[in-house]
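Below is one structure, written out as structure tokens, with a few remarks after it.
Within every chain, numbering begins at 1; the chains are lettered A, B, ... in the order of the sequence lines, protein sequences first and strands thereafter.
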Amino acid sequence: MSDVQPALAFPPVEDQLKVILRGVEKVVPEEELARKLAKSRETGRPLRIKYGIDPTGIDVHLGHTVPLRKLRQFQELGHQAVLIIGNFTAMVGDPSGRDQARAKRLSAEEVEANATDYLKQVGKVIDLSKTEIHRNGEWFSKMTFADILTLCSKVTVAQLLTRDDFAKRYASQSPIFLHECLYPVMQAWDSVEIKSDIELGGTEQLYSFMLARDLQRDQQLEQQLGVMSPILVGLDGKRRMGKSLGNYIGIAESPLAMMKKFMQIPDEVMPMYFELLTNIPLDEVQQLLAGHPKLAKQRLAREVIAQYHTSTAGDEAIQQWEAEVSAGALPADIEQVTIEASVVSNGTVTAAILFKQAGLCPTTSDARRLISQGGAYFGDDLQVISSHDQAIPITNGLLLKAGKKRYARLNLPS
RNA sequence: GGCGGAGUUCCCGAGCGGUCAAAGGGGCCAGACUGUAAAUCUGGUGGCUAUGCCUUCACAGGUUCGAAUCCUGUUUCCGCCA
């Protein structure tokens, strides 16, 4: 696995560039990329492509797959993927793109469990058997305080504060803790340790990537390039895809669940999704986008679903979606709920209480609101409930519907 | 350490000692429309055994018939000074 590959193993530089630059927002410094690739091809030495993550308990979603897919593409071109598990940086918490400090610090055990879980997930995107994996505790745990001071002496506070996320927090009167300032420094040092040629990440990583170059030069190493992907926007089409914003599509989700979410994205983000999440040639994408948006969206969903499920899962999901959402059929997986026997009186339950008990509304007040707005339905013929105190006759398997999408089926209390 | 400013409901943000569950915007929810979405229009958005009751305006006390609004202490943030 450490065999030096013959020069011919690498495709021509132009071909490599075509693959590498798809969906990439920025390469810095751009002019070095072709040079690096050419040199690698001449010498037969694969480039070392770094990608780092913090094992903070991530459900990998499509936003994460953007740089991971890029890493995969480098692997397919014959380069060496180097994955950094930031078990030490996780103790700090990445301030990038955050408007507040991470709330809790993780224990070593949690971090290790998260790392294992994470690797299992990313194995769907990159080829782990050809990936070099490091935990940055390998080097950080051995550093002395003197080492750390030396490292810190390379960075000025003014530089740190130019980072967009710090600047924003500073401006909005949010705290910035000292240890957070070390985060980019640590991340940059990882690049020194593993001698990276290219680092992948989002555009918000620019500062860290450049700092890594400084530190590498300082150690007489070849300097890395930053290959930065745009931030994938979430289902709302505005903000970055993220778990906390609830606007993400997880790669472990069922085909139908993914399908539903894909169909919800605004039309405007389709070009970005096609470019970043699929390998469909861009001229074909243009044709798709020129056609009906619904068909284009279905095609997009099908492609992505097939990547994380079986090759036919995408088509099946389209059919299910058409039946359920488009034609209005009931979903296949309606949740079965049981209510407390105490709320049943003469075989009926007050409507508002029923919806709360069925878990369709978080509070009675919320259920009352829903009903007063005409968004509560019951029975297989989905009769509208007109009043919060309407007595609903209870039968086994009674169908309840809240709003457009939420359903529940009743189990009689024993 | 000193002085000054600030901390409001999911977020931003307005709030005269009573008429404040608290303006406005965002987000979200529901209804109409639809191609799935967006846009647009309408309504809603603390809780409850519900036309009344209870709990909220950093935290803990206090003044008052009455406090988000006044006072004291604590705490966090920001600014200036040291």
Side-chain angles (χ1 to χ4, degrees), chain A residues 98-101 103 161 166-178 180 233-247 249 255-274 288-302 304-305 314 317-329 331 340 342-345 349-357 359-378 382-391 400-407:
Chain A
R98 292 187 167 268
D99 49 11
Q100 54 186 308
L161 285 177
F166 282 150
K168 270 188 194 140
R169 267 155 68 171
Y170 199 71
S172 71
Q173 312 189 344
S174 299
I176 301 170
F177 292 93
L178 194 53
E180 291 184 282
V233 297
L235 301 178
D236 54 21
K238 290 178 192 139
R239 294 169 302 175
R240 70 182 294 157
M241 183 174 283
K243 189 175 185 182
S244 58
L245 294 173
N247 62 353
I249 301 178
L256 183 59
M258 289 174 99
M259 189 73 208
K260 284 179 179 169
K261 289 186 177 178
F262 267 113
M263 297 310 279
Q264 277 178 36
I265 63 171
D267 292 352
E268 301 81 61
V269 305
M270 276 201 284
M272 182 190 220
Y273 274 41
F274 270 115
L288 284 166
L289 291 173
H292 196 296
K294 181 178 169 180
L295 294 178
K297 222 170 265 184
Q298 287 182 335
R299 175 68 194 281
L300 169 68
R302 192 180 81 193
V304 176
I305 289 169
I318 289 178
Q319 285 168 17
Q320 287 175 327
W321 183 86
E322 282 290 352
E324 185 178 311
V325 179
S326 217
E340 290 169 28
S342 60
V343 299
V344 183
S345 151
V349 178
T350 308
I353 307 290
L354 180 61
F355 272 70
K356 187 195 168 190
Q357 284 275 325
L360 291 169
C361 295
T363 62
T364 317
S365 300
D366 191 66
R368 287 180 173 226
R369 254 174 246 134
L370 181 74
I371 292 165
S372 73
Q373 293 175 141
Y377 316 83
F378 77 104
L382 295 175
Q383 295 176 50
V384 178
I385 297 174
S386 56
S387 162
H388 67 82
D389 55 7
Q390 185 174 337
L400 300 175
K401 183 185 180 196
K404 285 192 185 89
K405 297 166 192 160
R406 290 171 295 134
Y407 291 88

Subject >> Pairwise distance CG(A:Leu400) to CG(A:Leu382) - rounded to 0.5 angstrom >> reply: 9.5 Å
Original post:
Which parts of nucleotides 40-47 of chain B does protein reach within less than 4.0 Å, heavy atoms only, written one letter per nucleotide 5' to 3' as B for base, S for sugar-phosphate only and - for none?
Top reply: ---BSS-S
Subject >> Distance (rounded to the nearest 0.5 Å) between A:Thr350 OG1 and A:Ile371 CD1 >> reply: 9.5 Å
Original post:
When you match A:Pro293 and A:Gly375 each to their closest nucleotide on RNA chain B, which lands nearer the 5' end?
Top reply: A:Gly375
Original post:
Expressed as a whole number of Å, how far does the C1' atom of B:rA58 sit from that of B:rG7?
Top reply: 6 Å
Subject >> With A:Lys356 via side-chain hydrogen bond (donor to acceptor under 3.5 Å, both in side chains) - residues at least two apart >> reply: none
Subject >> Sequence-distant partners of A:Arg406, salt bridge (Lys or Arg N to Asp or Glu O under 4.0 Å), two or more places apart >> reply: none
Subject >> Closest-nucleotide 5' rank along RNA chain B - winner of A:Trp321 and A:Asp236 >> reply: A:Asp236
Original post:
When the C1' atoms of B:rU63 and B:rG73 are considered, how many whole Å apart are they?
Top reply: 15 Å
**OP:** Taking atom C1' in both B:rG15 and B:rG24, compute the distance separating them and give it to the nearest angstrom.
**Re:** 11 Å
**OP:** Side-chain contact test, heavy atoms from C-beta onward, threshold under 4.5 Å: evaluate it for A:Phe378 versus A:Leu354 and give yes or no.
**Re:** no
Original post:
Quick one: is B:rG31 close enough that its OP1 or OP2 comes under 4.0 Å of any side-chain N or O from A:Tyr377?
Top reply: yes
**OP:** May I ask you to test the A:Leu295-A:Leu288 pair for a side-chain heavy-atom distance under 4.5 Å?
**Re:** no
Grab the N/O contacts between the protein and nucleotides 37-39 of chain B below 3.5 Å, and write none if there aren't any.
{"residue": "B:rA37", "atom": "O2'", "partner": "A:Gln264", "partner atom": "O", "Å": "3.1"}
{"residue": "B:rA37", "atom": "N1", "partner": "A:Asp267", "partner atom": "OD2", "Å": "3.3"}

Original post:
Quantified in whole Å, what is the C1' atom distance between nucleotide B:rC41 and nucleotide B:rC57?
Top reply: 33 Å
Original post:
Expressed in angstrom and rounded to an integer, what is the separation of A:Gln298 atom CD from B:rG35 atom P?
Top reply: 14 Å
Original post:
Which whole-number value in Å describes the distance from A:Met270 CE to B:rU36 P?
Top reply: 13 Å
Original post:
For atom P, what is the distance between B:rC16 and B:rA6, given to the nearest Å?
Top reply: 12 Å
Original post:
Between A:Tyr377 and A:Lys404, is there a donor-acceptor pair closer than 3.5 Å when you use the side chain of the first and the backbone of the second?
Top reply: no
Subject >> side-chain hydrogen bond (donor to acceptor under 3.5 Å, both in side chains) against A:Ser386, all qualifying residues, sequence neighbours excluded >> reply: A:Gln390
Original post:
Mind telling me whether B:rU56 is syn or anti, cutoff 90° either side of 0?
Top reply: anti
**OP:** Write down the distance separating the C1' atoms in B:rU9 and B:rA22, rounded off to the nearest Å.
**Re:** 8 Å
Original post:
Can you check whether A:Leu300 reaches A:Ile265 side chain to side chain, under 4.5 Å on heavy atoms?
Top reply: yes
**OP:** Answer yes or no: is there a side-chain heavy-atom contact under 4.5 Å between A:Val304 and A:Tyr273?
**Re:** no
Original post:
Between A:Leu300 (CG) and B:rU36 (C1'), how many Å, whole number?
Top reply: 13 Å
Original post:
Rounded to whole angstrom units, what separation is found between the NE2 atom of A:His292 and the P atom of B:rU36?
Top reply: 8 Å
Subject >> C1' atoms of B:rG35 and B:rC29, separation to the nearest Å >> reply: 23 Å
**OP:** Using atom CG of A:Asn247 as one end and atom P of B:rG27 as the other, report the distance to the nearest whole Å.
**Re:** 13 Å
Original post:
A:Lys401 NZ to B:rA30 P: how many Å, rounded?
Top reply: 10 Å
Subject >> Polar side-chain atom of A:Glu268 near backbone of A:Gly237 as donor-acceptor pair, under 3.5 Å >> reply: no
**OP:** For RNA chain B, just give me the dot-bracket, please: Watson-Crick or G-U, both distances below 3.5 Å, ( ) intra-strand, [ ] crossing earlier pairs, | paired with another strand, . unpaired.
**Re:** (((((((..(((.....[.....)))((((((.......))))))(((...)))...(((((..]....)))))))))))).
**OP:** Quickly work out the A:Arg368 CZ to B:rC53 C1' distance and round it to whole Å.
**Re:** 13 Å
Subject >> Taking every non-hydrogen atom, the tightest pair across A:Lys297 and A:Pro266 >> reply: NZ-C, 4.1 Å
**OP:** Measure the distance from CG on A:Asp389 to C1' on B:rA50 and round it to the nearest whole Å.
**Re:** 11 Å
Subject >> Shortest non-hydrogen separation from A:Pro255 to A:Ile305 and the atoms involved >> reply: O-CD1, 3.4 Å
Subject >> Atom P, compared across B:rU56 and B:rG62: separation rounded to whole Å >> reply: 15 Å
